[in-house]
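Just so it is clear: chains get the letters A, B, ... in the order the sequence lines come, proteins before strands, and each one is counted from 1. In this text the structure is predicted, and so the values were computed from the model without any measurement.
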2 protein chains.
Amino acid sequence: MRTSPFDLNQQNAHLESKIVAAFERVAQAFRVLLWQESKVLGLSPIQIQVLIFLLHHAAEKRKVSYLAAEFNLSKATISDTIKTLDQKGLLEKEYLPQDTRSYILHLSAQGEKLAQQAALFANDIQQPIDRLTLGEKERLFAQLTGIIDHLNKAGVISIQRMCLTCSFYVAHRNGMPHYCRLLEKALEQAELRIDCPEHHPVEVIR
Amino acid sequence: MRTSPFDLNQQNAHLESKIVAAFERVAQAFRVLLWQESKVLGLSPIQIQVLIFLLHHAAEKRKVSYLAAEFNLSKATISDTIKTLDQKGLLEKEYLPQDTRSYILHLSAQGEKLAQQAALFANDIQQPIDRLTLGEKERLFAQLTGIIDHLNKAGVISIQRMCLTCSFYVAHRNGMPHYCRLLEKALEQAELRIDCPEHHPVEVIR
DNA sequence: CCATGTAGTTAGGTTTCCTATCTTTGTGGG
DNA sequence: CCCACAAAGATAGGAAACCTAACTACATGG
């Protein structure tokens with residue numbers, strides 16, 4: 001039975017669930033910002049995400065199947081999205097001789113312009129982060145990578161290009177720093193990548 | 001031209017955007033988890049969110065209009081969602097004499113059971129957070145509240161029940177701790193609320 | 001050269017949202 | 001006490017975001 005006029009029990013939710021609630025808010029903010037941007041640009045949210053993705057990723061990732069896995073959508077949905085973007089003249093398709101079923105996506109000049117603009121949609125989220133001190137940023141980054149790594153191992157996020165899931169990565173352990181066998185150098189915490197272009201996934205036995 | 005091998009500036013130049021990218025991943029994880037849960041329970045994502053919301057919020061917030069603002073959706077969408085949940089027997093409507101246009105939503109016994117189960121959907125996100133040390137949790141929480149506060153002030157998130165936007169809140173400043181004039185007590189960082197049932201928004205002049 | 005697998009498309013349907021329009025009710029000047 | 005206006009919610013109609021399933025075309029390895 002309650003004795004307090006305020007429901008202290010509910011209010012004093014554990015710190016962990018408050019953190020989850022906070023993440024939920026931030027996630028919501030992303031959705032809202034993306035939605036707003038989509039109205040401004042006259043594109044759907046997924047169209048914008050594809051354009052932004054194409055801005056920064058290498059050839060073997062610029063394909064329908066990869067995009068479907070990346071965004072947890074069916075190939076049909078992506079195929080549709082690509083068709084629309086193509087009709088709008090924002091994309092070009094490059095067919096390679098070694099596999100004519102598939103093609104690589106490129107942004108047209110207009111597409112690149114739009115993508116650059118779209119990429120600013122998360123500005124409102126970046127601003128408060130810019131204001132943190134370097135140490136705060138590094139700790140925040142470390143915690144986020146830890147969470148993402150866990151989510152990846154739990155199978156929630158299918159595709160990953162983080163150092164922690166890369167076969168070139170040698171774990172930080174027993175006082176040894178993070179190390180990349182491709183770059184052949186030790187990495188500071190803040191140097192770990194979230195979206196490495198050279199990422200080569202570890203084979204996972206499930 | 002940069003010559004130093006310890007070019008910290010360069011190394012950390014993109015740390016902010018890496019953090020944003022990491023948040024984006026976590027946001028994606030929420031979407032995926034909610035989607036999965038919706039398939040398991042045979043409810044839509046928004047239906048689940050409404051059920052969970054009703055589990056913890058007070059009468060004046062359990063209304064169509066409030067829910068629409070809460071989730072950044074139109075009243076029509078929420079109205080529809082409520083109709084479906086009602087038809088499934090998960091809700092009950094309470095009409096008050098002082099305003100018969102509106103009604104307050106309550107979970108039925110079955111609805112509450114479902115909501116309890118649905119609320120576990122974020123478990124995968126909570127797990128890695130549980131493993132952080134108390135200090136890490138506190139810093140993470142502080143950084144998240146700072147970001148959310150900024151998003152709120154930037155108008156991205158319309159509804160807020162955080163201490164930082166509450167009229168009972170007296171700011172942490174000049175060595176003074178956070179303070180709540182309703183509870184009449186000082187609050188530790190970790191005691192700040194993300195979703196306070198007693199929240200009374202500050203009037204904002206725009 | 002056939003069997004099997006893979007890349008992408010298409011068709012068709014469901015769900016999720018919106019805008020616009022309505023009905024009903026509350027409210028605050030004249 | 002009206003009447004204009006606002007506010008709560010419902011409804012209709014439509015766009016688009018998704019899915020599954022079936023299909024075409026090509027690759028690849030016995």
[atom1] of [X] versus [atom2] of [N]: gap in Å, rounded?
{"X": "B:Lys63", "N": "D:dG9", "atom1": "NZ", "atom2": "C1'", "value": "12 Å"}
{"X": "A:Leu73", "N": "D:dT20", "atom1": "CG", "atom2": "P", "value": "11 Å"}
{"X": "A:Tyr103", "N": "C:dT9", "atom1": "OH", "atom2": "C1'", "value": "9 Å"}
{"X": "A:Asp99", "N": "C:dG5", "atom1": "CG", "atom2": "P", "value": "17 Å"}
{"X": "B:Gln98", "N": "C:dT27", "atom1": "CD", "atom2": "P", "value": "10 Å"}
{"X": "A:Trp35", "N": "C:dC17", "atom1": "CH2", "atom2": "C1'", "value": "6 Å"}
{"X": "A:Leu67", "N": "C:dA7", "atom1": "CG", "atom2": "C1'", "value": "13 Å"}
{"X": "A:Tyr66", "N": "C:dT6", "atom1": "OH", "atom2": "P", "value": "18 Å"}

(message) Checking A:Thr81 against A:Thr84: is there a side-chain donor and acceptor pair closer than 3.5 Å?
(response) no

Phosphate OP1/OP2 of [N] contacted by [X] side-chain N/O (<4.0 Å):
{"X": "A:Ser102", "N": "D:dC26", "result": "no"}
{"X": "B:Thr77", "N": "C:dC18", "result": "yes"}
{"X": "A:Thr100", "N": "D:dA27", "result": "yes"}
{"X": "B:Ser79", "N": "D:dG9", "result": "no"}

(request) Return each pair, listed once, that meets side chain to side chain donor-acceptor pair (under 3.5 Å) where at least one residue sits in residues 137-149 of chain B; pairs must be two or more places apart or across chains. (result) A:Glu16-B:Lys137, B:Asp149-B:Lys153

If you look only at distance, which donor and acceptor atoms sit under 3.5 Å apart when one is on a side chain in residues 94-103 of chain B and the other is two or more places apart or in another chain?
{"from": "B:Glu94", "atom 1": "OE1", "to": "B:His106", "atom 2": "NE2", "distance (Å)": "2.5"}
{"from": "B:Asp99", "atom 1": "OD1", "to": "B:Arg101", "atom 2": "N", "distance (Å)": "3.0"}
{"from": "B:Asp99", "atom 1": "OD1", "to": "B:Arg101", "atom 2": "NE", "distance (Å)": "3.1"}
{"from": "B:Asp99", "atom 1": "OD2", "to": "B:Arg101", "atom 2": "NH2", "distance (Å)": "2.9"}

(request) To the nearest 0.5 angstrom, please state how far the CG atom of B:Leu67 sits from the CG atom of B:Leu54. (result) 6.0 Å

(request) Starting from the 5' end of DNA chain C, give me the residue, B:Ile78 or A:Lys75, whose nearest nucleotide shows up first. (result) A:Lys75

(request) For B:Asp80 and for A:Ser74, locate the closest nucleotide of DNA chain D by heavy-atom distance; then report the residue assigned to the nucleotide nearer the 5' terminus. (result) B:Asp80

(request) Assign each of A:Ala76 and A:Pro45 to its nearest nucleotide of DNA chain D by heavy atoms, then name whichever residue's nucleotide is nearer the 5' end. (result) A:Pro45

(request) Specify whether B:Tyr66 and B:Phe53 have parallel, tilted or perpendicular ring planes, treating 30° as the upper limit for parallel and 60° as the lower limit for perpendicular. (result) tilted

(message) Tell me whether the rings of B:Phe121 and B:Phe30 are parallel (<30°), tilted (30 to 60°) or perpendicular (>60°).
(response) perpendicular

(message) For D:dA25, does the base pair up with any side-chain atom of A:Arg101 as donor and acceptor (N or O, under 3.5 Å, distance only)?
(response) no

(message) Whether A:Arg25 and B:Glu70 form a salt bridge (side-chain N of Lys/Arg under 4.0 Å from carboxylate O of Asp/Glu) is what I want to check.
(response) yes

(message) Does anything in residues 82-97 of chain B come within less than 4.0 Å of DNA chain D? Heavy atoms only, and list the residues if so.
(response) B:Lys83, B:Lys93

